[in-house]
2 protein chains.
Amino acid sequence: MNSPMSATESSAPSAPTETLNTEERAGKPLRADAKRNRDKVLAAAREAFTENGASTSLEAIARRAGVGIGTLYRHFPTRQALLEAVYVDEVEQLARDAGELSAMEPWPALEAWLVRLGAYLVTKHALAGELLNYVDTNANVFAACRDLLYAAGEPLLERAKAAGEVRPDAELQDVVQMVGGIAKIQNSDPDAIARILAMALDGLRYKKA
Amino acid sequence: MNSPMSATESSAPSAPTETLNTEERAGKPLRADAKRNRDKVLAAAREAFTENGASTSLEAIARRAGVGIGTLYRHFPTRQALLEAVYVDEVEQLARDAGELSAMEPWPALEAWLVRLGAYLVTKHALAGELLNYVDTNANVFAACRDLLYAAGEPLLERAKAAGEVRPDAELQDVVQMVGGIAKIQNSDPDAIARILAMALDGLRYKKA
DNA sequence: CCTTGACACGGAGGGACCCTCCGCTACGCT
DNA sequence: AGCGTAGCGGAGGGTCCCTCCGTGTCAAGG
């Protein structure tokens, strides 16, 4: 895990491989053609974001998907919405990981989870930028996602605190943001990020004097 | 702007206040009108970057400065070049600060400097992005600046290591990048950044078991 | 003071994107 | 098979990037 992965599809929380489960929590069943187009856009977006980062032109994505730009915008009114749709599954997986790790000792579990989170975000600077920021527009599209992540990590952190392995004043929000900030560092050397992250995480265990 | 500090000029390393000293290390004496325009652009850019971040439209800057877009591009062929010209003075000041701090105890000195660096970068996400990244184009325009910073910090770090207050495996580059990464976190609450930075810096002092 | 070469100015213009709007297409229900 | 409407696509207006080149301005020598 020390090094941030390949360039393609695969990433930390083994992605769900398919895009079919999309739609989800919405009430409306989409019309056949609509669903087809939505999936085409999603697939094209996933590829494009992976290849060129979050700033890929939306028009390019539409072109790649073979749909009109208007269609893309109807399904995903903003770039953020599209990003979210592309990555929710993976973030959810990350949250689920937290549960499994609870078998380990408190600190190793927490550390492993945070490192995994970091490694994932390294491969998706795109996501990191949007997922973790408060500021910004009224409704943070990623809010739900983020809360999920927080809910998942909280137990791990609390457990480590209870075991006296992590300073009691550490807040999960701060920790997650820290990991995100470090993951977003632009550095051609993957090991450097791993070193930096490890060092910063040790700050969680530091005790005064 | 959403972040710490005032909105205007002032920032961590008391900025040199004026833009007159610009030009510098170049051989050619500029023509009178050229210098005048260069300064106008620089001033407008400083304001604009402060108000709207590094992504401010270059055309807007030219408009604000009351010069043609072509003029702006002749003096500063890239956005990076402009950023650098705007901020070199401040970064140099930051480097100079390191010297003064050496009067303090090793750890407090190092911590103070890094916190100051962080506070400064928070006000200039713009800068942080460009200054600290390796990746990217052939010639990093900021390379000189960055080296200056590293040269300034090195003694502080070494001293703290020698005093046994900082783990010996900490590298300055990593530390500076870490500070940069944390400073770039988007968060409406300035205190949060400070907390996170403090926690991460404690990682420097953590000693195994 | 005037000439004149070179330096510098400004903005038009082509390309890329963003996002909206609306006439047309084609689903799918009856 | 007919029809109401969800959904499609792309033209179009706006912004920005960056280049190129005709015109304006400086300053050194006559």
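Residue numbering restarts at 1 for every chain, and letters A, B, ... go by the order of the sequence lines.
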Per-nucleotide protein contact along nucleotides 16-21 of chain D, 5' to 3', at a 4.0 Å heavy-atom cut-off (B base, S sugar-phosphate only, - neither), is BBBB--
Letter by letter from the 5' end, nucleotides 24-30 of chain C scores (B base, S sugar-phosphate only, - none; protein heavy atoms under 4.0 Å) ---SS--
All side-chain contact (heavy atoms from CB on, under 4.5 Å) counterparts of [X], not counting sequence neighbours:
{"X": "B:D33", "result": "B:R31, B:R36"}
{"X": "B:P108", "result": "B:M104, B:E105"}
{"X": "B:E154", "result": "B:E158, B:L172"}
{"X": "B:R167", "result": "A:M199, A:D202, B:D169, B:A170, B:Y206"}

Assess whether a salt bridge exists between B:R195 and B:D191, defined as any Lys/Arg side-chain N lying under 4.0 Å from an Asp/Glu carboxylate O.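 No.
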Salt bridge or not for B:R46 and B:E90, using N-O below 4.0 Å?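 Yes.
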Atom [atom1] of [X] and atom [atom2] of [N]: how far apart are they, to the nearest Å?
{"X": "B:I61", "N": "C:dG10", "atom1": "CD1", "atom2": "P", "value": "16 Å"}
{"X": "A:N37", "N": "D:dA6", "atom1": "CG", "atom2": "P", "value": "17 Å"}
{"X": "B:K40", "N": "C:dA8", "atom1": "NZ", "atom2": "C1'", "value": "13 Å"}
{"X": "A:L72", "N": "C:dC21", "atom1": "CG", "atom2": "P", "value": "17 Å"}

Compare side-chain N and O positions of A:H75 against OP1 and OP2 of D:dG7 and report whether any pair is under 4.0 Å apart.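 Checking D:dG7 against A:H75, no side-chain N or O comes under 4.0 Å of OP1 or OP2.
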Please determine whether a side-chain nitrogen or oxygen atom of A:T71 lies at a distance below 4.0 Å from atom OP1 or OP2 of D:dG9.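 Indeed, a polar side-chain atom of A:T71 lies that close.
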Distance-only donor-acceptor pairs under 3.5 Å for side chains of residues 61-71 of chain A, two or more places apart:
from	atom 1	to	atom 2	distance (Å)
A:R64	NE	A:E47	OE1	3.0
A:R64	NH2	A:E47	OE1	2.9
A:R64	NH2	A:E51	OE2	2.8

Partners meeting salt bridge (Lys or Arg N to Asp or Glu O under 4.0 Å) with A:D147 (sequence neighbours left out):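 Once residues adjacent in sequence are excluded, A:D147 has no partner under the salt bridge (Lys or Arg N to Asp or Glu O under 4.0 Å) criterion.
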